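To find a chain, count down the sequence lines: A is the first, B the second, and so on, and within it residues start at 1. None of the values given here were measured: they were computed from a predicted structure. Values below: all heavy atoms of this structure, side chains included; hydrogens, waters and symmetry mates excluded.
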Amino acid sequence: MQQIPYYRLNLQGSMPIKMTIENTIVQQIRRAVSVLYQTEIASDSIVIQETRKEFEGQVTAVTFPFTRFSKKTPEQTGTEIGEYLKDNVKEVEDFNVIKGFLNLSIADSYWVDELLTTIHSSSFGQFPSNGQKVMVEYSSPNTNKPLHLGHVRNNLLGFSVAEILSANGYEVIKVNLVNDRGIHICKSMLAWQMFGNGETPQSSQLKGDHLVGKYYVIFDKEYKKQIEALIDKGQTEDEAKKNAPIIKQAQEMLLKWEAGDQEVIKLWSMMNGWVYSGFEVTYKMLGVDFKKYYYESDTYLLGKDTIQEGLEKRVFFKKDDGSVWIDLTEDGLDQKLVLRADGTSVYITQDLGTAQLKYDDFKMDKSIYVVGNEQDYHFKVLFLILQKLGKTWAKGLFHLSYGMVDLPSGKMKSREGTVVDADELMDEMILTARDRTEELGKVEGFSEQEKKELYHMIGLGALKFFLLKVEPKKRLLFDPNESIDFQGHTGPFIQYTHARIRSVMAKADYQNKISTNYSTILTALEKDLIVNLAKYPDVIAASAKEFSPAHIANYVFELAKLFNKFYHEESILKAEDPDVRNFRLDLSAATASTINKGMKLLGIQVPDRM
RNA sequence: GCGCCCAUAGCUCAGCUGGAUAGAGCAACGGUUUUCUAAACCGUAGGUCUUAGGUUCGAAUCCUAAUGGGCGUACCA
């Protein structure tokens with residue numbers, strides 16, 4: 001009987017990749033069904049899953065679908081296919097059938113080989129280049145206030161997705177579209193002019209973004225005061241909101257900015273400069289970066305060409321007042337304004353233009369916008385318009401929509417000061433990490449510098465894992481009164497597991513893989529660990545497909561848990577048989593390396609000691 | 001009104017394209033250290049997977065509706 005080749009070419013052609021055991025089994029089951037029941041079935045009609053813990057085996061096939069052809073009970077069918085696989089597939093050592101489930105025991109030699117070759121290779125989990133370019137746009141802050149927890153989620157998601165795509169063979173371009181102009185920054189500017197007395201980051205000892213944010217809040221207080229005063233004088237709330245002098249001044253300031261007024265531009269540049277130096281500190285702390293920054297002050301006038309193009313192509317139409325619209329009612333959406341009657345832009349106008357600009361700059365195959373779910377409708381419209389305009393690249397656009405971070409009291413509002421500030425939160429996390437670590441007495445022999453790095457690693461690790469382990473589209477509840485955990489399903493748990501392994505490796509003076517051909521029977525836990533490690537590339541692929549770091553976070557947690565169990569029950573260094581000892585060292589090293597790789601994709605560092 | 005998203009243990013969350021007795025962590029209770037780091041490990045307890053129909057050999061998962069929550073539906077960004 002001819003064996004299906006063990007190696008095949010992947011879709012991109014160049015690099016031969018090893019078939020996973022699941023693939024091998026799917027192909028062999030097709031063959032079995034063909035031989036036993038004279039029926040050709042499609043690969044995707046075969047359901048393969050991991051064997052549940054309570055049963056013998058590692059890979060399970062569901063046999064119900066085959067009973068149509070076998071005309072036998074699920075048990076008989078399973079047994080027949082099991083016999084065939086056992087006789088014809090060298091990796092299949094044994095099988096059992098329970099109800100309609102065919103559980104296959106894969107030979108230890110297969111798993112050993114898997115560990116010592118595939119898993120131990122440094123490129124494990126890194127896919128070869130697929131020749132495609134992808135842009136990830138994230139962060140996108142406003143420059144009138146410091147970053148808060150919601151931005152932190154955005155930044156971590158964006159950074160992580162970029163890392164994940166890179167591991168999947170994409171060339172990744174990270175960009176940040178900064179919203180540096182508009183009424184909001186004018187509010188901060190105006191309040192600073194009125195009440196600031198020339199205060200600067202230096203004179204106030206405040207981080208630039210916090211200083212500017214302070215005046216944003218001051219503006220709002222003053223604005224509210226004026227509204228109340230007008231209401232007392234008999235105006236309605238709506239009238240008062242429009243007529244308050246301070247808001248009118250802010251609007252005037254925006255007009256001046258747009259007219260290029262020297263004074264206003266100077267103030268704007270100065271205050272934005274403060275904000276940028278503040279953001280830089282925050283980004284560095286978070287560990288995120290960008291290849292390119294786009295500024296709305298440069299792009300807000302873009303898009304008018306696109307509007308013209310749309311009119312020519314009759315995708316858009318002009319109303320009598322001169323405003324330009326698109327009718328999306330056939331697509332189940334509404335009519336949408338794309339240019340005001342006075343010829344000025346709206347939000348979507350600039351986004352159309354910016355999308356074109358970004359494409360012209362990089363010619364990427366895919367473009368991911370990491371933006372909160374309150375803009376779902378906007379992006380649906382944006383992408384649809386670009387498609388209607390015949391932009392071939394528009395089908396590569398994707399809105400990675402994520403849920404808001406809510407407090408128990410409800411939504412965070414910068415203006416009202418009910419926000420969890422990013423800088424403060426990170427500082428707190430690091431302090432907590434320090435306290436916890438010192439309590440446990442874990443830093444003997446650490447230099448001050450090492451301690452500092454460790455606390456940062458642990459504090460940020462806890463925060464990042466907390467935010468990334470949840471599926472992006474789900475909203476996230478954060479209770480500032482309940483500190484983020486350091487035990488259980490957390491970043492520090494995984495970091496700790498890594499440190500444990502590294503400690504063992506250090507004791508053994510482990511450098512490189514030491515086992516050659518290992519022939520001893522694997523223990524159940526060893527096998528579990530290898531089976532789990534072998535899944536890593538699939539997890540990387542799946543998380544890229546769904547743009548979800550949460551898969552990786554949960555996978556790495558499982559892996560760490562499994563290792564801790566193994567560590568607890570089976571000695572590594574004290575194993576009597578030197579072969580066993582060496583093999584377990586290799587297994588541990590592979591686990592540490594995979595934890596490290598996975599965590600890196602989340603933007604989380606792992607320490608060697610903690 | 002219309003549209004989109006969410007609903008799983010007391011709390012925070014997993015559960016992949018339908019598959020075996022729905023899983024973790026936290027909190028609660030009990031246990032494990034002269035042995036490689038106890039930020040660990042083991043155990044107990046905790047569930048009508050919001051509800052009602054439907055499709056299927058089989059539904060937490062797919063379809064329909066209802067209920068509850070969030071968001072959007074701006075000539076704001």
Side-chain angles (χ1 to χ4, degrees), chain A residues 44 47 49 51-55 60 62-65 67-68 74 98-101 103 140 142 179 181-184 296 300 321 323 325 332-334 336-342 344-351 372-378 380 401 403-404 406 410-411 433 436-437 439-440 442 458 462 466 469-471 473-479 482 485-497 499-508 538-539 542 545-546 550-551 553-555 557-558 560-561 563-565 567-575 581 584-585 588 609-610:
Chain A
D44 55 18
V47 178
Q49 53 191 321
T51 305
R52 291 180 68 106
K53 284 193 197 86
E54 55 268 42
F55 303 109
T60 293
V62 183
T63 63
F64 293 105
T67 54
R68 286 208 346 246
I98 292 165
K99 294 188 189 172
F101 298 90
N103 302 321
S140 318
N142 291 351
N179 185 6
R181 50 137 251 134
I183 192 74
H184 36 76
E296 285 203 8
Y300 83 108
D321 64 0
S323 57
W325 295 72
L333 305 174
D334 306 313
K336 183 90 186 167
L337 176 94
V338 294
L339 195 71
R340 291 193 188 105
D342 62 7
T344 56
S345 302
V346 288
Y347 179 36
I348 201 147
T349 321
Q350 17 170 329
D351 258 11
N373 64 7
E374 73 248 311
Q375 295 199 37
D376 285 358
Y377 186 75
H378 171 75
K380 215 166 161 182
S401 161
M404 298 287 100
D406 290 328
K411 225 182 153 175
R436 288 280 303 151
T437 308
E439 238 172 73
L440 294 167
K442 295 269 192 175
I458 296 174
F466 177 81
K469 73 178 180 188
V470 180
E471 206 52 45
K473 74 174 169 186
K474 297 215 178 175
R475 59 190 276 267
L476 201 60
L477 191 78
F478 177 80
D479 189 343
E482 270 179 53
D485 260 309
F486 284 67
Q487 281 169 25
H489 193 185
T490 68
F493 172 91
I494 297 162
Q495 292 172 317
Y496 173 73
T497 308
R500 258 184 157 178
I501 300 174
R502 298 293 301 176
S503 161
V504 172
M505 287 164 69
K507 280 214 168 80
D538 286 345
V539 174
K545 207 174 148 203
E546 293 170 42
H551 289 303
N554 291 314
Y555 166 80
F557 172 64
E558 287 298 324
K561 229 174 19 166
F563 182 84
N564 279 323
K565 193 172 181 145
Y567 178 92
H568 190 260
E569 292 185 19
E570 289 167 17
S571 293
I572 300 165
L573 299 179
K574 286 174 185 154
R581 176 183 184 274
R584 287 184 181 167
L585 268 169
S588 303
R609 290 190 290 163
M610 74 180 269

Q.
Could you check whether any side-chain heavy atom of M610(A) comes within less than 4.5 Å of a side-chain heavy atom of K442(A), counting everything from C-beta outward?
A. no
Q: Find the distance L333(A):CG to C4(B):P and express it as a whole number of Å.
A: 10 Å
(Q) Distance check, P atoms only: G25(B) and G58(B), in whole angstrom units. (A) 34 Å
(Q) Can you tell me if Y567(A) is stacked onto the base of A40(B), using a 5.5 Å centroid cut-off and an angle below 30°? (A) no
Q. Can you tell me how far NZ of K99(A) sits from CZ of F64(A), rounded to the nearest 0.5 angstrom?
A. 8.0 Å
**Q.** Residues that E569(A) engages under side chain to side chain contact (heavy atoms under 4.5 Å, CB included), provided they are two or more places apart
**A.** L525(A), K565(A)
Q. Within less than 4.0 Å of OP1 or OP2 of C6(B), is there a side-chain N or O belonging to K473(A)?
A. yes
Q. Who pairs with H378(A) by ring-ring contact (aromatic ring centres under 6.0 Å, His included), at least two apart in sequence or on another chain?
A. Y347(A)
Q. Under 3.5 Å, is there a donor-acceptor pair linking the side chains of T497(A) and N564(A)?
A. yes
Q: For nucleotides A60(B) and G3(B), find the distance between their P atoms and express it as a whole number of Å.
A: 28 Å
Q | Spacing between R609(A) atom CZ and A39(B) atom C1', to the nearest angstrom | A | 16 Å
Q.
List the residues meeting ring-ring contact (aromatic ring centres under 6.0 Å, His included) with Y555(A), not counting sequence neighbours, and say none if there are none.
A. Y536(A)
Q. Is the shortest heavy-atom distance from the side chain of L337(A) to the side chain of I348(A) under 4.5 Å?
A. no
Q.
Work out how far the P atom of G47(B) is from that of U8(B), and round it to whole angstrom.
A. 15 Å
Q.
Applying side chain to side chain contact (heavy atoms under 4.5 Å, CB included) to H551(A) and K545(A), what does each step give before you reach the verdict?
A. CA-CA 11 Å; H551(A) 289 303; K545(A) 207 174 148 203; over 6 Å; no
Q. Can you check whether F101(A) stacks with the G19(B) base, using ring centres under 5.5 Å and planes within 30°?
A. no
Q.
For the CZ atom of R340(A) and the CG atom of D321(A), what is their distance to the nearest 0.5 Å?
A. 12.5 Å
Q. In whole Å, what separates the C1' atom of G72(B) from that of U51(B)?
A. 26 Å
Q: Sticking with atom P, work out how far A74(B) lies from C2(B), rounded to a whole angstrom.
A: 16 Å
Q. Base, sugar-phosphate alone, or nothing: which one does E570(A) contact when heavy atoms must sit under 4.0 Å apart?
A. base
Q: Could you list the residues that satisfy ring-ring contact (aromatic ring centres under 6.0 Å, His included) with F493(A), not counting sequence neighbours?
A: F557(A)
Q) At under 4.0 Å between heavy atoms, what does T67(A) touch on the DNA or RNA strands: base, sugar-phosphate, or nothing? A) nothing
Q. For T497(A), which contact category applies under a 4.0 Å heavy-atom criterion: base, sugar-phosphate, or nothing?
A. nothing
Q. Expressed in whole Å, how much space separates the P atoms belonging to U64(B) and A28(B)?
A. 43 Å
(Q) Counting the atoms with a prime plus P, OP1 and OP2 as sugar-phosphate, which does L339(A) contact under 4.0 Å by heavy atoms, base, sugar-phosphate, or nothing? (A) nothing
**Q.** Heavy-atom protein contacts under 4.0 Å, nucleotides 23-35 of chain B, coded B base, S sugar-phosphate only, - none
**A.** SSSS--------S
**Q.** side chain to side chain contact (heavy atoms under 4.5 Å, CB included) involving A542(A) - partner list, sequence neighbours excluded
**A.** none
Q) Reckon A508(A) touches a base, only the sugar-phosphate, or nothing at all at heavy-atom distances under 4.0 Å? A) nothing
Q) What dot-bracket string describes RNA chain B from 5' to 3', counting Watson-Crick and G-U wobble pairs whose defining distances are under 3.5 Å, with [ ] for crossing pairs and | for pairs to another strand? A) (((((((..((((.....[...)))).(((((.......))))).....(((((..]....))))))))))))....
**Q.** Rounded distance in Å - NE2 (H551(A)) to P (C16(B))
**A.** 9 Å
Q.
Can a donor-acceptor pair be found, under 3.5 Å and without considering hydrogens, that links the side chain of S588(A) to the backbone of R584(A)?
A. yes
Q | Span that lies between the C1' atom of G53(B) and that of U12(B), in whole angstrom | A | 32 Å
Q) Who pairs with S401(A) by side chain to side chain contact (heavy atoms under 4.5 Å, CB included), at least two apart in sequence or on another chain? A) N373(A), D376(A), H399(A)
Anything under 3.5 Å between a protein N or O and an N or O of nucleotides 59-62 of chain B, put it in a table, one pair a line.
none

(Q) Does A38(B) have OP1 or OP2 under 4.0 Å away from a side-chain N or O of R500(A)? (A) yes
Q) Hey, does Q487(A) have a side-chain heavy atom less than 4.5 Å from the side chain of R436(A)? A) yes
Q) Across the strands shown, which category fits V62(A) at heavy-atom distances under 4.0 angstrom: base, sugar-phosphate, nothing? A) base
Q: Starting from the 5' end of RNA chain B, give me the residue, P492(A) or F466(A), whose nearest nucleotide shows up first.
A: F466(A)
Q: Under 4.0 Å between any heavy atoms, over every strand shown, what does N103(A) touch: base, sugar-phosphate, or nothing? Just pick one.
A: base
Q) Looking at K469(A), does any N or O in its side chain come under 4.0 Å of the phosphate oxygens OP1/OP2 on U12(B)? A) no
Q: Give the rounded distance in Å between these two atoms: CZ of F55(A) and C1' of U21(B).
A: 8 Å
(Q) How would you summarise protein contacts on nucleotides 68-77 of chain B per nucleotide, using B for base, S for sugar-phosphate only and - for none, with heavy-atom distances below 4.0 Å? (A) ---SSS-BSB
(Q) Taking side chain to side chain contact (heavy atoms under 4.5 Å, CB included) as the definition, give me every residue that meets it alongside N103(A), ordered by chain and number, with sequence neighbours left out. (A) T51(A), F55(A), T60(A), N96(A), I98(A), F101(A)
Q: Would you indicate which nucleotide in C4(B), C42(B), U37(B) comes nearest to any side-chain atom of K380(A)?
A: C4(B)
Q) Which distance, rounded to the nearest 0.5 Å, do you find between the CG of L585(A) and the NZ of K507(A)? A) 12.0 Å
Q) Once you round it to whole Å, what is the distance between P of C36(B) and CD1 of I572(A)? A) 11 Å
Q: Just compare C41(B), U37(B), C13(B) and give me whichever is closest to any side-chain atom of K565(A).
A: C41(B)
(Q) Counting C-beta onward and ignoring hydrogens, is there a side-chain heavy-atom pair between Y377(A) and L333(A) closer than 4.5 Å? (A) yes
Q.
Regarding F486(A), tell me which of base, sugar-phosphate or nothing describes its non-hydrogen contacts under 4.0 Å with the strands shown.
A. base
Q: Could you check how far CD of E471(A) sits from C1' of U12(B), rounded to whole Å?
A: 15 Å
Where do N or O atoms of nucleotides 7-9 of chain B meet protein N or O atoms at under 3.5 Å, pair by pair?
residue, atom, partner, partner atom, Å
A7(B), OP1, K474(A), NZ, 2.9

**Q.** Protein-nucleotide distance (F493(A), atom CZ; U37(B), atom C1'), rounded to Å
**A.** 13 Å
Q: For nucleotides C16(B) and U50(B), find the distance between their P atoms and express it as a whole number of Å.
A: 14 Å
Q: Report the distance from atom NZ of K469(A) to atom NE2 of H489(A), rounding to the nearest 0.5 Å.
A: 5.0 Å
Q: Would you indicate whether the side-chain heavy atoms of F478(A) and F466(A) approach each other to under 4.5 Å?
A: yes
